[in-house]
Amino acid sequence: MLKKVVIIGGGGNGLVVAQIVLDLIKIGEPLELVGFLNDNIPAGEYIERWPVLGAPHEWESLDEDTLFVYALLSVGKMKARAEKFKRLNIPQHRLATLVHPSANIGFNVKLGCGVVIAANTLLQPGTRVGDNCFIRANANLGHDVAVDDLVDIGPNSTLCGYAHIEEGVQIAPNSVVRDSVRVGMYSTVAAGAAIFKDVAPESTMLGNPAKRIR
């Protein structure tokens with residue numbers, strides 16, 4: 001049965017998701033990308049080849065078999081992003097989990113609802129990923145890593161074994177989180193940062209070794 005997917009978002013991050021859907025369709029996955037829900041582009045206009053169907057809060061007006069991917073993302077605004085998603089109140093069974101065909105998913109890995117796993121990612125055995133997370137291209141999640149809900153892991157990032165990434169964290173490209181380290185809720189790890197110690201909630205970390213700058 002064909003699964004209809006709608007992306008909540010727009011250009012940029014939404015089109016990254018669109019490409020993953022297209023790549024899954026190429027290998028025979030029964031998916032159809034129906035369109036987008038977007039706050040800023042009027043219904044009836046297009047994002048690339050796909051129509052805007054309405055605003056995000058209008059998701060309930062779509063067919064009951066439609067699945068959604070939450071692709072809204074603004075750097076440094078992860079808490080607002082999470083709050084906006086929670087206000088939508090989309091039930092878990094209406095969230096699409098997308099795993100790119102090139103991803104390498106180890107045994108005993110658990111993925112939540114609405115997760116997007118991009119190209120060439122590696123999830124080692126025992127990894128747990130919560131709901132509505134985005135694991136970007138070439139990221140490496142070590143064994144037994146725990147990623148809570150609404151987390152964004154940037155391209156080429158490495159989370160070493162037993163690391164714990166709490167809700168709403170954004171980890172920018174080429175970052176490293178040491179084994180068994182906890183990164184607190186709604187923190188930002190800047191590009192190329194190396195995290196060797198636990199990070200307090202709502203911190204911004206920069207450098208190698210990383211230091212709190214906000």
Side-chain angles (χ1 to χ4, degrees), residues 8-10 12-14 16-17 56 69-90 92 95 97-98 103 109-118 120-124 126-214:
I8 300 174
N13 204 48
V16 172
V17 176
V69 178
Y70 188 62
L72 290 173
L73 184 69
S74 296
V75 175
K77 298 181 180 179
M78 293 294 283
K79 190 171 186 178
R81 172 182 182 266
E83 290 170 349
K84 183 167 186 173
F85 174 76
K86 291 174 182 179
R87 287 195 299 270
L88 292 174
N89 202 28
I90 301 173
Q92 285 186 324
L95 299 172
T97 291
L98 305 173
V109 169
K110 297 180 180 179
L111 302 180
C113 302
V115 173
V116 177
I117 306 292
N120 300 311
T121 52
L122 175 60
L123 274 60
Q124 304 280 5
T127 296
R128 178 181 60 80
V129 178
D131 296 339
N132 299 293
C133 293
F134 205 128
I135 314 298
R136 298 180 181 275
N138 299 295
N140 184 348
L141 276 60
H143 67 85
D144 301 292
V145 163
V147 178
D148 294 345
D149 299 342
L150 293 156
V151 168
D152 185 84
I153 306 295
N156 302 303
S157 296
T158 298
L159 309 181
C160 298
Y162 297 107
H164 188 164
I165 312 301
E166 294 186 356
E167 179 177 309
V169 168
Q170 185 169 32
I171 295 183
N174 298 303
S175 300
V176 177
V177 178
R178 185 180 173 179
D179 52 289
S180 302
V181 165
R182 178 182 290 261
V183 180
M185 295 177 67
Y186 303 115
S187 292
T188 299
V189 175
I195 305 296
F196 293 102
K197 298 179 180 180
D198 288 355
V199 174
E202 301 190 42
S203 302
T204 299
M205 307 296 293
L206 174 68
N208 182 3
K211 296 181 179 180
R212 185 173 183 176
I213 61 170
R214 186 165 56 189

Working for side chain to side chain contact (heavy atoms under 4.5 Å, CB included), residues M185 and V169:
CA-CA 6 Å; M185 295 177 67; V169 168; 5.8 Å; no

By side-chain hydrogen bond (donor to acceptor under 3.5 Å, both in side chains), which residues pair with N132, not counting sequence neighbours?
none

For G112, is there any backbone N or O sitting under 3.5 Å from a side-chain donor or acceptor partner on T97?
yes

Considering non-hydrogen atoms only, spot the tightest contact between K197 and V181 and give its length.
O-CG1, 3.4 Å

Using modelled atom types only, decide if a donor and an acceptor are shared between the side chain of D144 and the backbone of T127 within a distance under 3.5 Å.
no

Taking every non-hydrogen atom, the tightest pair across A71 and G14:
CB-CA, 4.0 Å

When the side chains of residues 81-88 are checked against the rest of the protein, which donor-acceptor pairs come out under 3.5 Å, sequence neighbours left out?
| from | atom 1 | to | atom 2 | distance (Å) |
| --- | --- | --- | --- | --- |
| R81 | NE | L72 | O | 2.4 |
| K84 | NZ | D39 | OD2 | 2.3 |
| K86 | NZ | E167 | OE2 | 2.7 |

So, N140 side chain and T158 main chain: donor-acceptor pair closer than 3.5 Å or not?
no

Side chain to side chain contact (heavy atoms under 4.5 Å, CB included) between I195 and I171, worked out
CA-CA 10 Å; I195 305 296; I171 295 183; over 6 Å; no

Under the ring pair (Phe, Tyr, Trp, His ring centres under 6.0 Å) rule, collect the residues that match up with Y162, sequence neighbours excluded.
H143

If the condition is ring pair (Phe, Tyr, Trp, His ring centres under 6.0 Å), which residues does Y186 pass it with, not counting sequence neighbours?
none

A103: side chain to side chain contact (heavy atoms under 4.5 Å, CB included) partners, not counting sequence neighbours:
V99, I105, I117, T121

How close do E166 and D148 get, counting heavy atoms only, and between which atoms?
CA-OD2, 3.3 Å

Who passes ring pair (Phe, Tyr, Trp, His ring centres under 6.0 Å) against F134, sequence neighbours left out?
none

Side chain of S175, backbone of A190: donor and acceptor closer than 3.5 Å?
yes

Could you tell me whether the side chain of Q170 reaches within less than 4.5 Å of the side chain of V189, counting heavy atoms only?
no

Would you call V183 and V177 a side-chain contact if the rule is heavy atoms closer than 4.5 Å?
yes

Taking C-beta and beyond as the side chain, do V116 and V69 meet within less than 4.5 Å on heavy atoms?
yes

Sequence neighbours excluded, which residues qualify as side chain to side chain contact (heavy atoms under 4.5 Å, CB included) partners of N120?
S102, N138

Could you list the residues that satisfy side-chain hydrogen bond (donor to acceptor under 3.5 Å, both in side chains) with R178, not counting sequence neighbours?
none

L159 and I153, any side-chain heavy atoms less than 4.5 Å apart
yes

Give, for atom NE2 of H164 and atom OG of S180, the distance between the pair rounded to the nearest 0.5 Å.
12.0 Å

Pairs involving residues 187-214, ordered by first then second residue, that meet ring-ring contact (aromatic ring centres under 6.0 Å, His included) (sequence neighbours left out)
none

I'd like to know whether V147 forms a side chain to side chain contact (heavy atoms under 4.5 Å, CB included) with L141, so could you lay out the CA-CA distance, the side-chain angles of the two residues, the decisive distance to 0.1 Å, and finally the verdict.
CA-CA 9 Å; V147 178; L141 276 60; 3.9 Å; yes

Review item, side-chain donor-acceptor pairs of residues 198-205, under 3.5 Å, at least two apart:
| from | atom 1 | to | atom 2 | distance (Å) |
| --- | --- | --- | --- | --- |
| D198 | OD1 | R182 | N | 2.9 |
| E202 | OE2 | K79 | NZ | 3.3 |
| S203 | OG | A200 | O | 2.7 |
| S203 | OG | R212 | NE | 3.2 |
| S203 | OG | R212 | NH1 | 3.3 |

Could you check if a side-chain atom of R128 sits within less than 4.5 angstrom of a side-chain atom of V145, using non-hydrogen atoms only?
no

So, using side chain to side chain contact (heavy atoms under 4.5 Å, CB included) as the criterion, who are the partners of A80 when residues are at least two apart?
none

Do the side chains of C133 and V151 get nearer than 4.5 Å, heavy atoms only?
yes

Please name the pair of heavy atoms, one in A137 and one in A118, separated by the smallest distance, quoted to 0.1 Å.
N-CB, 3.5 Å

Qualifying residues under side chain to side chain contact (heavy atoms under 4.5 Å, CB included), relative to D179, sequence neighbours excluded
C160

Any side-chain heavy-atom pair of R214 and L206 under 4.5 Å
no

Non-hydrogen side-chain atoms of L123 and L111 separated by less than 4.5 Å:
yes

Donor-acceptor contact below 3.5 Å, side chain N174 vs main chain A191:
no

Looking only at non-hydrogen atoms, find the nearest pair between D131 and C113 and report the distance.
OD1-N, 2.8 Å

